[in-house]
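Note that the coordinates shown come from a computational prediction; the quantities given were computed from them, not determined experimentally. Lettering follows sequence order; numbering is per chain, from 1.
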Amino acid sequence: MASSSSSLRAEPRRLTLDGKRKLAPAFLNAQEIAVAVHESPNLVALMKIRLRDGTQERLHPTVAAHQFDAAFSRDGRLHAYVMSASSPQMVLVIQDLRSRQEHFFRARDSRATARCPSFSADGRRVIFSLSDVGGHQIASVNTQGGDLRPLTSSIGLNTSPACSPDGAQIAFSSSRDGTFDIYVMDADGGNVRRLTRSPGLDTRPTWSPDGRRIAFTSNRDGRYQIYIMNADGSDQRRLRNHPGRDDYAAWYPDSGQILFVSEVAGKCDLLALDAG
Amino acid sequence: MLSVGSFPTRDCQGMTRRTFVQAASALPFAWQLAGQPAAASTAARARSVLLIWLGGGPSHLDLFDPKPRAPVEFRGPFSTIATRSAGVRFTELLPKLAACSNHFSLIRTNINYNGGHRPAGSIALTGSTAPDGGEDTGGAPGRYPPHFGSILARHRGAGQLPSFVSLARGPIGDGVGPVFGFGGGAWGRNYDPFMMQCAEDGRVDLPELRLLDGLTPARLADRRMLLQELSRLDRLAERSHVRQWRDLHERAFGLLASPAARRAFDLSQEPARLREAYGQSSFGQSCLLGRRLVEAGVPFVQVNWSQYVEVFYPFSDYGWDTHADNFGLLADWHGPLLDHVMATLLDDLDVRGLLRTTLVVCMGEFGRTPRINSIGSRDHWHPCYFSLWAGGGVQPGRVIGESDARGEHPATEPITPAMVGATILDLAGVSSAARAQFNVLERGRVIDGLL
């Protein structure tokens, strides 16, 4: 679990120029991404961006509620996202991209919140963070939004789950030992191991396509930056040393590149960088 | 960058003749009434007041008053970081403010008397409860005493620019309704703030003047065209309203025709680099506009983080009412935005030498429950919260007051809303004698240790 602040050497490629606030990009496929964009004073909308030419369009043009935290199954058939409701509650939406049929998961408490969905490797379940009666835990539902199964039941907060490509493990962020660090557990919630031990915030883990590395966000050096480590927590390295804020890493599905949101001087844009 | 009359609202689908007249007669221009300066005024250390209003209730434990040694069901997941002020720590969500804490002082023992957003907002902005119980008990608008900004506007009297400006998409409040104490209150709507909206791209709208659709600042600068426009509108207005309407709008047109006013409203005159530094959000650009307004001499500017307290209701605009997912939202959204924009604002004011003459106060109506709720978040908490003070005679780098070990109650003297109001007004030159003359904040006194 040795940690290093040495940066990987690379120059980022800028994918957007609009500067709007952005959250949590996710790949639909190798050519397209979805990202939550602060579109207007009272709307965060999921935008679909074509990487080749940067063209953007609303992913859900008829949805008037705030939408964010997009996820896609590996076969590209299913899409999950979080949508605001007419209360503090945030609802998990699971959509079949071919039939456009939608299923919803609404938690018990009227204030409860689903965040950060991620599909299991076989696309049969959606793993997400759920703040409901019982605390802030990781749980999963089937693709119809039913059969809720808790995966954690710890003190502190558990969030940002990410399924490993082979489906065997889930990486997540937890404050069970004090501040947010990265942990992994087996797909059934057992065998929890701690991967990071930084004094600050380590969160939003995401697996490389080959399952050998995990990228995550950390402010251990004073600013939010992207870090990469081996899947066992070893060789933790900063992606780059940047004066602004780098956050929300997503691995390209077909290359060793990482897409992330970079904020500098108040402008948020999407950048891509070789993970080395 | 300045747009007049293009502001759409939920309840205004089009300007009928009737609504046209109503809008005209309801214009609340706090600057237009030549208030008689109070006999007992003091020298103002603060030429202007810039109130940064964080509606919804920001969590004190997760921002400026962390309790890392509290039990796990209280302390939250964020670690603490050192600041420029010896021995003072913030949470890790505020690295930029921690790095410039020598510019401001912090109060950790603010209290309110109500746990509902609207009454608590009114109390925090007026320093008093309503005699009829206020918003949540069937009270009527107009029963609260005036907002601190209305008092200062009356004290300073008329000027070229409005004396009290509030920057928001519309009346601040929650999904139920507006905060009654946002303006003139018992003094009447004439002392309400002049409302302006600033979009995330820096475009400025004046929603109160939406009836002037199609007029550009360039056209307004032409006096002959202005009079033609007034005559045209006179013919449209009902005769009984004409004089009142005309008086109000001559002043409004006068404002917009004034090069000084148009310059103050126009963010395109700022260097692109500075506009970008404030960030591409309505809050960031509003803070920049607020700085321009105080620079132009507006006595009281309130910059609202959002119009609504709610975060992600379908209509809402990311307020601070984080009943659900408090920690995720603060880490993703509220913390970085507040940290970046406030640090930029304080630095900008300091570089321009404006911090010496501008009192900056940043606060909400209350804090959030120190004990984490059953769904892993935090609810309303009015017995203890924070406020940030800078410039205008405030001694920087201090922490005033201490909360108890769990952040539930003040361990030292509570700072009441009346004390907040008395201190703001005292620094702005409204003495206790002047306040007594206005019959406002008579129980307030200046906060010890802040000046």
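To the nearest 0.5 Å, the span separating CZ on B:Phe78 from OG1 on A:Thr179 amounts to 10.5 Å. With rounding to the nearest 0.5 Å, the separation of CD1 in B:Ile375 from CG in A:Asp109 is 5.0 Å. Separating the CD atom in A:Glu263 from the NE2 atom in B:His340 is a distance of 6.0 Å, to the nearest 0.5 Å. Atom CD of B:Glu310 and atom OG of A:Ser84 lie 11.5 Å apart (nearest 0.5 Å). The OG1 atom of A:Thr113 lies 10.5 Å from the CG atom of B:Asn326; values are rounded to the nearest 0.5 Å. Note that the OG atom of B:Ser282 and the NE2 atom of A:His38 stand 7.5 Å from one another [nearest 0.5 Å].
The parts of B:Ser316 that come within reach of chain A are both its backbone and its side chain, each placing non-hydrogen atoms under 4.5 angstrom from that chain. Residue A:Asp247 does not touch chain B at all, counting heavy-atom pairs closer than 4.5 Å. Neither the backbone nor the side chain of B:Asp321 comes within contact range of chain A; no heavy atom of the residue lies under 4.5 Å from a heavy atom of that chain. Neither the backbone nor the side chain of B:Arg273 comes within less than 4.5 Å of any heavy atom in chain A.
With chain A as partner, the option from B:Thr80, B:Leu337, B:Leu93 having the largest number of non-hydrogen pairs under 4.5 angstrom is B:Leu337. Across A:His136, A:Lys267, A:Gln89, the residue that shares the most heavy-atom pairs under 4.5 angstrom with chain B is A:Lys267. Each of A:Thr159, A:Leu23, A:Val264, A:Ile155 has some count of heavy-atom pairs under 4.5 Å with chain B, and the biggest count is that of A:Leu23. Counting heavy-atom pairs closer than 4.5 Å to chain B, the top-ranked of the candidates A:Ala107, A:Ser40, A:Ala24, A:Ala64 is A:Ser40.
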Test log, rule side chain to side chain contact (heavy atoms under 4.5 Å, CB included), inputs B:Val311 and A:His66:
CA-CA 10 Å; B:Val311 188; A:His66 300 284; over 6 Å; no
Kindly indicate, with the supporting measurements, whether the criterion side chain to side chain contact (heavy atoms under 4.5 Å, CB included) is fulfilled by B:Asp325 and A:Arg115.
CA-CA 9 Å; B:Asp325 198 28; A:Arg115 289 288 311 267; 2.6 Å; yes
I would like to know whether B:Ser79 and A:Arg220 meet side chain to side chain contact (heavy atoms under 4.5 Å, CB included); could you show each step before the answer?
CA-CA 10 Å; B:Ser79 59; A:Arg220 62 184 65 184; over 6 Å; no
Please lay out, stage by stage, how B:Asp379 and A:Arg111 fare under the test side chain to side chain contact (heavy atoms under 4.5 Å, CB included).
CA-CA 11 Å; B:Asp379 299 318; A:Arg111 303 162 300 165; 3.3 Å; yes
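Here the side chains of B:Pro336 and A:Arg245 are in contact, with some heavy-atom distance below 4.5 Å. The shortest distance between side-chain heavy atoms of B:His323 and A:Ser110 does not fall below 4.5 Å. At a threshold of 4.5 Å between non-hydrogen side-chain atoms, the residues A:Leu157 and B:Pro77 count as touching. Taking the side chain as every heavy atom from C-beta outward, A:Asn42 and B:Arg169 approach each other to under 4.5 Å.
Scanning both residues, B:Phe312 and A:Val44, for their nearest heavy atoms gives CE2-CG2, 4.1 Å. The two residues A:Leu201 and B:Glu92 come nearest to each other via the heavy atoms N-OE1, 3.0 Å.
Looking only at distances, no side-chain donor or acceptor of B:Gln280 sits under 3.5 Å from a matching main-chain atom of A:Arg21.
In this structure, B:Phe327 has its ring center at least 6.0 angstrom away from the ring center of A:Phe180.
Taking a cutoff of 4.0 Å between a charged side-chain nitrogen and a carboxylate oxygen, A:Arg204 and B:Asp332 qualify as a salt bridge.
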